[in-house]
Amino acid sequence: MGEASEQQRQRTAGEARRLSAQCPACSLHELVPVYLHRDERGRWRQLKDPDALPDDALELDACPVCFGIWFDQGELDTLGDAEVDPALLKTLLGRSAHRMCPRGHGFMNEHALPGLIRTPIDRCPRCRGLWLDGDERHALATSSTREGQEDRSMKIAKRGFIWAAQILTQLPVEVENPARGTPWVVYLFGGALLVLYQLSVFGVLYARDWALLGAAARADPRLLYTALTHVWFHADVAHLLVNLYFLYVFGDNVEHLFGRLRFVALLLGAALSGALLQVLLARQGGAPVIGASGAIAGVIAAYLWLFPRARLLQTVPFIFIQIKIPAWVYVGVWIGCQLVMAVISSEANFAWYAHIGGFMFGAALTPVVVRWRQRRVAEQVRVPSAAFFLNKPPELVRRARAQDRRERERRSKSSSP
Ligand SMILES: [Zn+2]
Ligand SMILES: [Zn+2]
């Protein structure tokens, strides 16, 4: 008892006062707190454990999906030990089309940072907070390195924007992108693929019996059940491991944003539409197809749509160096692996149509899920952010809103005959 519980109480009270806000850029997630602290050498470091915060830790708000970050007024000053240059205010471009201040002050204004980044940054005219997109943070950080500043450094310094660049190199620019929560569907699906592969190796089940017969199923619709069964079997361990790896790399983030049921729908739908395309277009006498590649092609399409600029932090096997790889490189590697698999495995034909069909399904479903999720996040933050501004407990606001709704419904019922 005593000190620890007192700290805990204060923190909980602080959380109740925390503004909950939707990401103004991608709208796909609430902003989440990022805690920064100066280490002994004076560099800002991201703290991983929010339960062990030092008193002077700084809290910023970042989006875990698009990597954008929000600075309340003064936060950049604190980070950079400098005042924001008023020259920034003279570079007003106009009102940003759709981005709202996360603090609820309506539309933000766009400001140019000439010489540093091409895209304008967003600033709220009322609370003077700043929003930086994920790639803007990257650009600012690069421009503050010696190479990035060559022959532009004077110009930049004159304009007084160097503070932003300096600060951002000290910041952990990469707020990592760990999926939140356990990706149960990824684990279960991957586990099932492993078990069924083992069963087929030991001869309990014969993968051949369940393989997708393209042209044959076109001739005999009774064979269409193989569109569902071929997913679960793999011809060899290399093919299985490639699929499991890419399911794991992309699947957890996609499952997090989709939600479990929609993610299951994505896997099944991608596998089925890949199979159907294979049935429609496969050559007569083509080899039977097995494997979860069609389903995983759907996951990859969803990932590319959701995280087009994601850089994946990847530990290189065997040498254990962490490097950052853009998502499109991964996709290239996936296609390469599939091609190699087609050449080295004698049984499986390279099922281009199954992959394309799965990819198309993912590309079609994702925009729908994105719109659903944006609406849901907006709904989620509405009550707590109203409570924040009205300075009332969230429960009171929720009850008042529910009462309003009932009132409206009653009125619309009594007005209609
Ligand atoms: Zn975002
Ligand atoms: Zn504002």
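Both ligands and their constituent atoms are indexed starting at 1 by order of listing. Since the structure is predicted, the reported quantities are computational estimates derived from the model, not experimental observations. Just the heavy atoms: all of them, side chains too, but no hydrogens, waters or symmetry mates, feed the values below.
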*asked:* Whether the side chain of Gln278 engages the backbone of Ala354 through a donor-acceptor N/O pair (distance < 3.5 Å, no angle test) should be reported.
replied: yes
*Angle, ND1 of His105 through the Zn ion (ligand 2) to SG of Cys127 - 10° precision*: 110°
*Between Asp72 and Arg128, is there a side-chain N and carboxylate O pair less than 4.0 Å apart?*
no
*asked:* To check your reading of the site, what angle at the Zn ion (ligand 2) do SG of Cys124 and SG of Cys101 form, to 10°?
replied: 110°
*Near the Zn ion (ligand 1), is there an N/O/S atom from His29 that is less than 2.8 Å away?*
no
*Do Phe258 and Trp372 have their ring centres less than 6.0 Å from each other?*
no
*asked:* Distance alone, cut at 3.5 Å: any donor-acceptor contact between the side chains of Ser293 and His239?
replied: yes
_Working to 10°, measure the angle at the Zn ion (ligand 1) formed by atom SG of Cys26 and atom SG of Cys23._
110°
